[in-house]
Amino acid sequence: MFLNQTTHWLTQAFEKVYGLTTDPKQLLLSPTKKEFEGDFTIVVFPFVKELKISPEAIGEAIGTFMKENDADIIDFNVVKGFLNMTYSDDFWIRIAKNIPIGSYGTFPKNGKKVMVEFSSPNTNKPLHLGHIRNILLGWSCTKIFEANGYEVIKTQIINDRGIAICKSMLAWKIFANGNTPSSTSIKGDHFVGEYYVRFEKEFKLEYEGFQYTDMGIAVFEKNKKEGQDFDSFFKEYKNTYFNTYSQLGAEAKQMLLDWEAGDPNTIELWKQMNQWVYSGFDTTYNTLGVTFDKVYYESDTYLLGKDAVQYGLTKNVFYKKEDESIWVDLTDVGMDHKIVQRSDGTSVYMTQDLGTAMMRYKDFQVDNMVYTVADEQDYHFQVLFEILKRLGEPYADGLYHLSYGMVELPQGKMKSREGTVVDADDLIAEVIAEAQNNTIERGEVAEMSIEEQNATVKKIGLGALKYFMIKVQPKKRMIFDPKESVDLQGQTGPYIQNAYVRIKSILRKNDSTASNFDKYLSLQPQEKVLMQLVMEYPNVISQACKDYDPSSVANFAYSLAKEFHKFYHDVRILGAESEEAKSFRLHLCNIISDILQRSMATLGIEMPERM
RNA sequence: GGCCCCGUAGCUCAGCUGGAUAGAGCAACUCACUUCUAAUGAGUAGGUCUCAGGUUCGAAUCCUGACGGGGUCACCA
């Protein structure tokens, strides 16, 4: 948008010199690489074929025209097919003056409404590392949408029902002796999680005991596959055992039936345990700085979708088999047959999701819905979106699965059975403690009040953790090394925070109020590089939205911080060689601190004023 | 096996709507704090961009195929 004038003159140049009408896409300018002279570059290769003239000759002719006609361009050079143009200092100063500090890179309201779903935990366990990636992605996505002019509704669907929570409930009933989170001083979600683990432990004991009973041995002999040994058989048989012989399994299943029947005692216990979990989640969300506008509960939605199924039948989107189960045939688009209602008339996961999507549209009339869910569910969402399209839902073209790769540890996948799951609260505490260790001896921080110190350390620790996770493209699998996540140097959140803090320190020390740099006519290369980055920022924000990709914002913020650090090192700001230079550099500092602060806010990362 | 995603420096990642000699950080080694915050900067070293074809003036980027890694193919969620 700052280069419209250049594009205009380039169009004129091709028109006047060669009588050629150009497509604006062919006239895209890019910042000139550091090794070459110039500020912005256009590639003339694409015109060679049409004009049957050498690239060098085209570059020379167009460059000459531009230098003569476009007042901004004071010089040019041609290297092979690249026309590098040098801009006047007036140009840079005009751009710098026109940056709207405070709102730069935010777009006007576009009248569209988008719902973004993220986090969506189960209520039987605390949040873990995988949830953190999900939450950070979803959250920054909402911020990116807002910057692009959307109205955003942040939501999560809580999986608050089912056999898992019944396991926790049962274990609590049997083993807790009436203990509660407050009586034990354990955070609610962890408290409930402990009973889930307890159930699994007790179940395992029961199962191992069963295997050597007469009945267990008989089951093995009857059901084993050809040549299968005892241990591998029972490894596979676990689920079947849970559903058939297990006493604990039977009790948990009975609890689920009681819940579905609305048994008051069961419902009361269920509500109580979920409440504990929610208060625990709230603490974690609060620490991470995320909020939701609307919460859906699976207990409210798990029966939804039956109307949709009936509607789909009448529209011949679905078909019924002889056993009364209902299916959809997606083979014509390279997918499969998929069940949408069981033969006993009950809903499956897909049905719930159909119903929930419809409910959300009814609630908010959104144009778009974004589902932040790990990539193991890629196929599920392909199917879901295809069905919604076939049902003719009005928002069907505005659906997006924000799919992300699993988080793995250096030693491999997280496995709850092996106790390698990284707990969200533990991790957060760890990064903050690490920030504390590295901060305590620094003079700046020592002067602060305790409250201010704590707030700063929290911003730094969380900044490190969040940046570490969000800088990776969503769809890529991620290796999470806890040691690296607390790094405060290099390409990290704190490095970017430090650039901001350095600016703030300068601005605090500045006592001159005059601001006039019209006559500053000796721009430094470091200043031009910074301005080139500044000019890109709105594109970064709009592209991140189109791509659903916060990592591009994270990488941009790093580039800007890096160039600022270099500028800071090479060029005096408060001690500049002239009043005009000082004034311009202070203005540039204001622009950069604004962009750093708001681009990082987009990622859910707060900036300290000192560190 | 079918389909989907990934493969870039020792490690973690950018670059991918085709453009100049493929970039950062970490780790290793040097150097720079009487100077606006050294959580910084400068430098050295590190690459058959998994491989093979193809398209193109030009390919890490697009197409095809192999190889390697992951995911998914339930009347589970």
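By convention in this document, chain letters (A, B, ...) are assigned in the order of the sequence lines, proteins followed by strands, and residues within each chain are numbered from 1.
At least one test fails for R502(A) against the ring of F564(A): distance under 6.0 Å to the centre or angle within 45° of the axis.
On the C1' atoms, C36(B) is 37 Å away from A20(B), given to the nearest whole Å. Taking atom P in both G18(B) and C57(B), the straight-line distance is 15 Å, to the nearest Å. Look at the C1' atom in both A22(B) and C13(B): the space between them is 14 Å, to the nearest Å. Rounded to whole Å, the separation between the C1' atoms of G69(B) and U8(B) comes to 15 Å. Rounded to a whole angstrom, the distance from the C1' atom of G19(B) to that of G15(B) is 13 Å. For the P atom pair drawn from G54(B) and U61(B), the interatomic distance equals 14 Å after rounding to whole Å. Remark: the separation of the P atoms in A45(B) and C62(B) is 32 Å, to the nearest Å. Separating the C1' atom of U17(B) from that of A74(B) is a span of 40 Å, rounded to the nearest Å.
Both thresholds, 5.5 Å between centres and 30° between ring planes, are not jointly met by F45(A) relative to the base of G58(B), so the two rings are not stacked. Taking the 5.5 Å centre cut-off and the 30° plane limit, the aromatic side chain of Y568(A) is not classed as stacked on G41(B). Lacking a ring centre under 5.5 Å from that of the base six-membered ring together with a plane angle below 30°, Y558(A) does not count as stacked on A24(B).
Summarising the geometry, the separation between CG on N498(A) and P on U40(B) is reported as 6 Å, rounded to the nearest angstrom. If you measure from atom CG of D481(A) to atom P of C11(B), you get 13 Å, rounded to the nearest angstrom. Atom CD of Q382(A) and atom P of G71(B) are 17 Å apart (whole Å). For F564(A) and A39(B), the CZ to P distance is 14 Å, given to the nearest whole Å. Going from atom NE2 of H380(A) over to atom P of G71(B) covers 19 Å, rounded to whole Å. Between M607(A) atom CE and A39(B) atom C1' there is a gap of 13 Å when expressed in whole angstrom units. Separating the CG atom of L330(A) from the P atom of C3(B) is a distance of 17 Å, rounded to the nearest angstrom. What separates CD of Q377(A) from C1' of A74(B) is a distance of 14 Å, to the nearest Å.
Among the protein residues, T439(A) comes within range of the nucleic acid bases, having at least one heavy atom under 4.0 Å from a base atom. As judged by a 4.0 angstrom heavy-atom cut-off over every strand, V501(A) is placed among the base-contacting residues. M335(A) comes within 4.0 angstrom of no nucleic acid atom, judged by non-hydrogen atoms across all strands. Nucleic acid contact class of D547(A) (heavy atoms, under 4.0 Å, all strands): none. Among the atoms of the strands shown, only primed sugar atoms or phosphate atoms (P, OP1, OP2) are found under 4.0 Å from some heavy atom of K49(A). At the heavy-atom level, P410(A) lies nowhere under 4.0 Å from the strands shown. V43(A) comes within 4.0 angstrom of a nucleotide base, judged by non-hydrogen atoms across all strands. Note on T41(A): a base of the nucleic acid sits closer than 4.0 angstrom, heavy atoms only. Here I163(A) lies out of heavy-atom contact (under 4.0 Å) with every strand. At a threshold of 4.0 angstrom between heavy atoms, the contacts of I479(A) are confined to the sugar-phosphate backbone, with no base atom among them. Among the heavy atoms of the strands lying under 4.0 Å from V571(A) is at least one base atom, whether or not backbone atoms are also near.
A74(B) makes up no base pair with any nucleotide shown, lacking Watson-Crick or G-U wobble contacts both under 3.5 Å. Base pairing analysis places C16(B) opposite nothing; no Watson-Crick or G-U wobble pair with both distances below 3.5 Å involves it. Across all strands shown, U40(B) pairs with A32(B); the Watson-Crick or G-U wobble distances both stay below 3.5 Å. Pairing of C11(B), defined by two Watson-Crick or G-U wobble distances under 3.5 Å, is identified with G25(B). Across all strands shown, U55(B) has no partner, as no Watson-Crick or G-U wobble contact with both distances under 3.5 Å is found.
Neither OP1 nor OP2 of G69(B) sits under 4.0 Å from any side-chain N or O of R477(A). Phosphate contact (OP1/OP2 of C36(B), side-chain N/O of R585(A), threshold under 4.0 Å): absent. Of the side-chain N and O atoms in K459(A), none sit less than 4.0 angstrom from OP1 or OP2 of A39(B). At the phosphate of G41(B), OP1 or OP2 sits under 4.0 Å from a side-chain N or O atom of Y495(A). At the phosphate of A14(B), neither OP1 nor OP2 sits under 4.0 Å from any side-chain N or O atom of K471(A). At G25(B), one or more side-chain N or O atoms of K562(A) fall inside 4.0 Å of OP1 or OP2 (strictly under the cut-off). Side-chain nitrogen and oxygen atoms of R610(A) include none within less than 4.0 Å of the OP1 or OP2 phosphate oxygen of A39(B). Regarding contacts with the backbone of U37(B), every side-chain N or O of R508(A) stays at 4.0 angstrom or more from both OP1 and OP2.
When every heavy atom of A464(A) is checked against every heavy atom of L488(A), the shortest pair comes out as CB-CD2, 4.2 Å. Residues L83(A) and G59(A) approach most closely at CD1-O, 3.7 Å, considering heavy atoms. Scanning both residues, P31(A) and E536(A), for their nearest heavy atoms gives CG-OE2, 3.7 Å.
S505(A) contributes no side-chain N or O that, together with a main-chain N or O of V501(A), makes up a donor-acceptor pair within less than 3.5 Å.
Sparse packing is recorded around CD of E606(A), with 12 or fewer heavy atoms of other residues, nucleotides or ligands lying under 6.0 Å away.
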Starting from the C-alpha separation in whole Å, work towards a yes-or-no answer on side-chain contact (heavy atoms from CB on, under 4.5 Å) for D39(A) and M85(A).
CA-CA 6 Å; D39(A) 298 320; M85(A) 296 176 288; over 6 Å; no
As a quick check of understanding, evaluate ring-ring contact (aromatic ring centres under 6.0 Å, His included) for F82(A) and F36(A), giving each step before the final call.
CA-CA 10 Å; F82(A) 299 88; F36(A) 300 94; 7.4 Å; no
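Toward the 5' end of RNA chain B, the nearer of the two residues K566(A) and R161(A), judged by each one's closest nucleotide, is K566(A). Nearest-nucleotide positions on RNA chain B place K413(A) closer to the 5' end than the other of E298(A) and K413(A).
Taking 4.0 Å as the cut-off between side-chain N and carboxylate O, E577(A) and R585(A) count as a salt-bridged pair.
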